[in-house]
Structures are given as structure tokens and as C-alpha cells.
Number of protein chains: 2
Amino acid sequence: MAKKPDEIAKALGVSITTVRLVLGGKAEKYRISKATQARIREYVEEHGVKFDLTARSLKLKRTNTFGLIIPRLANPFFAKLSEELEHRCRETGYQLIISCSNSDEETEKELASGLVQRNVDGLFVVSSTSDSQQHLGKTISKPMVFLDRDYGNTDAPIITSSNFEGAKDLAAAIAKHADGEPVYFLIGGSNQPTITERARGYLEVMPQNTEKDWTLQSARNRTQDGEQMMLELWEKLGKAPQNLMVSSLPVLEGALAVLREKLGHIPPQLRLATFDDNKMLSFLPNEIWSVKQNEAEWAEAALEAMTQTMSSEKAHSKTIATRLIHRPKDQ
Amino acid sequence: MAKKPDEIAKALGVSITTVRLVLGGKAEKYRISKATQARIREYVEEHGVKFDLTARSLKLKRTNTFGLIIPRLANPFFAKLSEELEHRCRETGYQLIISCSNSDEETEKELASGLVQRNVDGLFVVSSTSDSQQHLGKTISKPMVFLDRDYGNTDAPIITSSNFEGAKDLAAAIAKHADGEPVYFLIGGSNQPTITERARGYLEVMPQNTEKDWTLQSARNRTQDGEQMMLELWEKLGKAPQNLMVSSLPVLEGALAVLREKLGHIPPQLRLATFDDNKMLSFLPNEIWSVKQNEAEWAEAALEAMTQTMSSEKAHSKTIATRLIHRPKDQ
DNA sequence: TTGAAAGCGCTAACAT
DNA sequence: ATGTTAGCGCTTTCAA
């Protein structure tokens with residue numbers, strides 16, 4: 001069982017300070033004798049040590065802890081991002097504390113103030129609304145880095161994916177193979193900045209859209225929103241579309257579920273384009289393009305921005321490039 | 001900006017103790033005058049308070065914090081479980097700290113001792129190996145609850161899914177529709193107790209298997225393991241199987257990727273059975289059965305076991321029932 | 001009805 | 001080359 005410093009000191013007949021100096025790597029600086037060092041290290045080798053980080057934190061006013069607030073861990077993108085960020089934080093000597101706001105403004109505020117009371121050294125936040133981002137920016141006097149959602153109302157650094165460029169690439173890719181047929185775009189969560197950027201990218205490469213509106217919108221981006229939008233589209237067309245772009249995977253799930261219900265199957269000649277990549281997209285026989293976000297690079301950029309903010313450097317916001325992935329149609 | 005208790009005291013001309021008593025809900029007990037209470041509350045209403053939980057923890061030797069060690073957040077099951085557990089912990093007044101071991105024994109030990117140094121009040125662990133579980137059981141003198149993996153070498157409570165029963169149901173379902181054809185089983189991670197239970201369930205309802213071996217095994221359960229096992233099976237059969245059961249989703253992804261490469265498509269008449277459920281399974285045109293685990297119930301059971309262990313009650317291990325889901329073949 | 005004081009385990013500056 | 005001490009902000013007990 002790990003011994004506490006005072007126990008070690010007593011057992012070896014030296015002072016607590018000596019033990020701490022040696023174990024804290026300050027032995028050379030204070031020129032503790034080699035002999036004493038050896039005795040202490042040997043004892044520790046055998047019994048182990050147990051430092052109390054709580055007391056250390058109280059003294060140093062620093063917990064070596066960061067908070068991360070995301071909407072949901074059930075969202076694979078946020079889960080992967082959290083994993084990468086947790087890993088990098090740990091490498092840098094920080095423990096990451098992950099909490100889910102469930103996209104609720106109130107919960108988000110409560111989480112933030114809870115983490116502040118726990119004296120985290122900094123806060124990463126995927127903010128659910130413009131208001132809450134603004135509120136946090138004003139209320140929290142800790143280093144902060146915002147992730148994913150840029151509402152344009154904070155001075156803190158923001159890490160985002162290149163949603164606009166990604167959307168342009170995605171839309172261009174599917175349009176090129178669309179044989180002039182419309183490329184409908186189901187937009188879920190149209191009030192989120194992430195999503196409006198994607199919509200903007202789509203419009204940029206779809207000039208045809210200005211005459212006839214090929215987009216459908218929904219306030220949120222859950223499976224049921226995808227269902228609802230596809231029902232609307234079906235109503236309008238009286239049949240399945242030939243080309244479909246969606247703003248996120250849950251929307252795709254909903255949209256395809258409706259087609260399967262209407263037709264008994266997902267039409268294999270339907271061309272698809274979606275944000276977020278997932279291995280299970282290969283389950284579809286369809287030709288499909290997807291936009292993959294780079295979570296590892298995100299985590300790196302986020303941590304760098306945090307480090308800069310903590311050393312009161314001016315941290316720059318950063319946009320992470322996405323990658324277009326193409327899966328050809330089955331034979 | 002939130003004020004600290006001493007600032008409030010100074011501003012109102014009362015002692016720090018008085019402020020703390022009122023804000024700590026002990027006003028009645030110490031009979032602080034209504035007037036003073038009102039003044040303090042009013043001040044707080046306007047300016048906010050900021051308590052330092054670190055100092056509180058040091059004094060009370062209790063951090064209101066639990067640790068959770070899982071292999072990976074990128075695994076959707078663990079992500080969902082973490083989300084549910086975090087939510088329930090928060091409701092109970094605890095902050096959950098999630099860390100990923102990446103299925104590495106050393107990392108797992110380091111994480112555990114790191115969390116102990118941070119004085120978590122209890123530890124939830126999905127242990128990667130029998131050794132590490134045993135090691136933690138001996139080393140850590142904190143309330144512990146193990147999750148998912150039962151290596152049978154600890155006294156601590158363990159929460160698992162009903163893998164055996166789930167596998168029986170799953171195997172029986174696909175066997176019933178197999179027209180007497182073999183139901184091959186790709187087993188990834190065959191040294192994990194979770195997986196051996198699943199294998200045991202399969203064997204229980206596949207007496208035919210005793211003559212001819214319909215199972216293939218791999219040490220781990222990643223996509224590439226699924227690929228490798230399917231390659232082996234293809235080698236053996238010279239064609240695609242008609243019925244396929246797999247021990248987890250990554251294995252399924254790998255197996256289907258191989259079939260698509262061999263055939264140019266995933267054969268739609270192939271019957272599938274898999275552990276873990278996911279909405280994207282509906283992307284497949286195939287008839288498919290899946291076993292869904294109940295993460296919410298897991299979280300509840302885990303927290304209950306933790307609460308019991310902390311109040312030195314004998315906590316009981318618990319098995320959480322799974323649910324069989326059937327998706328019919330496309331028309 | 002309110003205030004003062006000790007002590008949790010640590011760090012850092014200062015003594016020996 | 002080693003030891004002593006003040007104080008971080010909180011809770012708890014005792015004093016006024």
C-alpha cells in the first residue's frame with residue numbers, strides 16, 4: 001500500500017521536507033546527499049508513494065485539470081474528439097473532465113460554473129447557443145477555447161472544421177455525377193453556425209438552386225428531423241430523388257428510413273452525399289461521398305490554443321481541413 | 001463576477017463564518033438573525049458566490065468525484081455508457097472523470113493511480129485484462145465497481161450484460177431461418193470474458209457445430225480482425241456464407257468489406273446476426289438480427305453498486321438484460 | 001447570535 | 001545538507 005510522505009520520513013528518520021525534495025526531483029538543487037536519496041528511493045520502490053493532489057492544488061491554485069463541455073458523447077464525432085483531446089491533455093500533464101450539456105443552454109451554464117468551482121485551469125466548450133457562448137465569455141474568467149460552433153460573439157479562440165470548403169467539395173462532387181438532375185439538400189439544425197456554413201458551401205456551387213429551391217430545412221438534426229424532411233420531399237416529388245445531400249449522419253438515417261418504408265428498399269441508384277464519415281456507410285450499395293473531419297488535428301489545435309491562452313499569448317482561432325471520401329456504387 | 005465568501009463578509013461588515021453558515025444552509029442551526037440572512041442572500045443574489053471546492057475537498061477528504069476507466073470513447077457502446085453514467089453521477093452530486101486506457105494494461109494502471117492521487121471517491125473500471133483487474137483490486141483501496149469484463153478474480157461488484165443469454169437468443173433466431181445451412185460465427189477478442197460468454201451462448205444452441213467447426217477466432221475485435229477471419233472463411237468455402245454471426249460491429253464491418261471486395265457487393269440474401277445494435281445497420285438490405293445492450297440500466301446499476309460499496313454495504317454484481325432486434329430483408 | 005482558531009497536506013521561502 | 005514555518009480556503013469545534 002502506498003505510503004504518504006510523512007510516513008516515509010518517519011520510517012527513515014529524516015524530515016518530511018527531505019522526502020519531498022527527493023521525490024519532487026529537487027534533490028540536486030538542494031544538494032541532498034546521495035545516500036539519503038538512495039534510501040528514500042529504495043523505500044519508495046518497495047512501498048510506493050501517495051501524494052495528495054488536492055492539497056497541492058489548494059496551495060498552487062492550479063489543478064492541472066481542464067473541463068470539456070460537449071452536447072453529447074453519443075455523437076461519434078464528439079466522442080472521438082473527446083478521446084483525442086483527453087489523450088493529449090494527459091500527455092501534457094492535465095486531466096480532462098468531460099461533461100455533456102445535452103444541447104441545453106441552462107445545463108451548459110451549470111456545468112461551466114460547476115467546473116469553475118472545481119478550479120479547472122481552463123475550459124473547452126462546444127456551445128449550444130449564441131446566448132450561452134456570450135454568457136460564458138462574460139461570466140467565466142478562466143482560459144477558454146470554444147469548439148465547433150462559431151457564433152461570432154466572443155474573443156476567445158475557436159476551433160472549427162472547414163465546413164464551407166467541405167460543403168463546396170461535397171456538393172461539387174455529387175453535382176458532377178448528377179446528370180443535370182437536382183441535388184436536394186436536407187439541412188438539419190439550420191440555426192447552428194456549423195450548418196449554415198455547410199448550407200452556404202452548397203449554395204456556392206449550386207447556382208441552379210437560386211431558381212428552384214432544392215433545400216429543405218429543419219430546426220434540429222436528429223433522425224426524426226431527417227424523416228420529416230424526406231417525407232416533405234417525397235410529398236413534393238411523388239417519388240424518390242436521384243441525388244441527395246444531407247447535413248449530418250442522423251439526418252441521413254432518417255431520410256433513408258423513410259425511403260425504405262415507401263419503397264421497401266433503399267434505391268441503389270440513389271447518389272448520396274453526407275457530412276461526417278462512418279465505416280458503416282460502406283453498408284450501403286449506393287455511390288456515396290462523405291466529408292471526414294480530422295478529430296486528431298482538432299484536439300491538437302484546441303490544446304495549443306489553450307496553452308497559448310494560459311500563457312496570456314493571443315491564441316488564434318483555427319479552421320481544420322476536412323477530407324472528401326468517395327465510395328463507388330456496388331457492381 | 002462571483003464574489004468569494006471573505007469579500008462578501010467584508011462588504012457587509014459581518015464575519016466570514018456568518019456568511020459561510022448562511023450560505024451553507026446552517027443558518028437555522030446557529031440561529032443567525034433573519035435580517036443578517038436576508039442581507040447576505042440579497043448580496044449573493046446580485047453578485048454571485050464562488051466557493052473553492054478544492055479547499056473543501058482537502059478538509060473533508062472527499063472530492064465528490066468518481067473516475068471511469070474505459071478502453072475507448074470511440075467505441076459507441078462505451079461512449080453511450082459514459083454519457084449515461086456521467087449524467088447520473090451529476091444528478092447525485094458527483095463529477096465523473098472519464099479516461100481511456102486504449103485497452104493497455106500499463107495505461108490502465110497509470111490512470112487508476114492518477115485518479116487515486118486526485119482523490120476520486122470511487123472508481124468504475126472496464127478492465128482490459130485479468131491481470132490488471134486483479135492488480136487494481138489489490139492496489140486500490142477505494143470503492144470500486146467493475147464494468148463489462150468479469151475475469152472472476154475480484155470481490156468488487158461487476159456489472160455485465162447478459163452475453164450468454166443474448167448470444168443464445170441471437171444464434172437461435174438466425175438458426176431458425178438458416179434452412180439447415182451452417183451459421184458461421186466470427187469471434188473477435190476470444191480471450192475477453194464478454195466474448196467467451198457470447199461464444200458459449202452460440203455453442204449452446206448450435207449442436208451441429210460439435211461435428212464441423214463453424215467458428216473462426218481472432219485475438220482482438222477490430223475491423224481488420226473481421227477482415228482476416230472472413231478471408232479465412234472465404235478460403236475455406238470458396239464462396240460467401242449464407243448465414244453469418246459476428247461477435248461485434250467492427251468485426252461485421254471487416255467481414256462485409258471483404259465480401260464486397262470479392263463480389264463487388266454485399267450479397268443481399270446473406271443473413272446476418274451481430275452483437276451491438278446501431279441505427280446504421282438499417283443501411284444493409286439484408287435480414288439482420290442484433291443484440292442491443294441497455295446502457296441506461298447499466299449506468300443505474302453501476303451507480304447503485306458504487307453507492308452501496310461506499311456505505312460499506314455488500315454490493316451485489318448485476319447482469320443487465322439485452323434485447324434482440326430484428327430487421328427484415330428488403331423487398 | 002456571532003467570531004475565532006485549529007488543521008487538512010502541500011509548497012516555497014527562510015533557518016539552521 | 002537538512003529542517004522549520006507560514007499560509008492556501010475550507011469545516012468544525014469552541015469561545016464570546
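The chains referred to below are lettered A, B, ... by the order of the sequence lines, with proteins before strands, and numbering in each begins at 1. Just so it is clear, the values below take in all heavy atoms, side chains as well, and ignore hydrogens, waters and symmetry mates.
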*Between atom CD1 in B:Ile40 and atom C1' in C:dT2, what is the gap in whole Å?*
11 Å
*Respond yes when some side-chain nitrogen or oxygen of B:Ser15 is under 4.0 Å from OP1 or OP2 of C:dG3, and no when none is.*
yes
*Between A:Lys4 (NZ) and C:dC10 (C1'), how many Å, whole number?*
13 Å
_Please pick, from D:dT11, C:dC8, C:dG3, the nucleotide with the shortest atom-to-atom distance to any side-chain atom of B:Arg20._
D:dT11
*In terms of the angle between their ring planes, are B:Tyr94 and B:Phe66 parallel, tilted or perpendicular, with boundaries placed at 30° and 60°?*
parallel
*asked:* In this structure, how many angstroms lie between the C1' atom of D:dC14 and the CG atom of B:Leu21, rounded?
replied: 13 Å
*Rounded to the Å, how far apart are B:Asp52 CG and D:dG7 C1'?*
14 Å
*asked:* Please report the distance, rounded to the nearest Å, between NZ in B:Lys61 and C1' in D:dT11.
replied: 13 Å
*For A:Phe51 and C:dG9, what is the distance between atoms CZ and C1' respectively, to the nearest whole Å?*
11 Å
*Can you tell which of C:dC10, D:dC10, C:dA12 lies closest to the side chain of A:Leu60?*
C:dA12
_N/O donor-acceptor pair under 3.5 Å between A:Thr309 side chain and A:Pro143 backbone_ = no
*Does OP1 or OP2 of C:dC10 have a side-chain N or O of A:Ser57 closer than 4.0 Å?*
no
*Student check: side-chain heavy atoms of B:Leu115 and B:Lys142 closer than 4.5 Å*: no
*Mapping B:Gly13 and A:Arg62 onto DNA chain C by nearest heavy atom, which one lands closer to the 5' end?*
B:Gly13
*asked:* At less than 4.0 Å, is any side-chain N or O atom of B:Thr36 found next to OP1 or OP2 of C:dT2? Yes or no.
replied: yes
*In whole angstrom, what separates B:Leu12's CG from C:dT2's C1'?*
14 Å
_Residue B:Leu58, side-chain atoms from C-beta onward, closest of D:dG3, D:dG9, C:dG3_ = D:dG9
*Among the candidates D:dC8, D:dT2, C:dA5, find the nucleotide nearest to the side-chain atoms of A:Lys59.*
D:dC8
*Give the rounded distance in Å between these two atoms: CD1 of B:Ile16 and C1' of C:dG3.*
10 Å
*From the list C:dT2, D:dC10, C:dG9, which nucleotide is the closest neighbour of the side chain of B:Arg56?*
D:dC10
*Side chains of A:Asn102 and A:Thr107, donor plus acceptor under 3.5 Å*: no
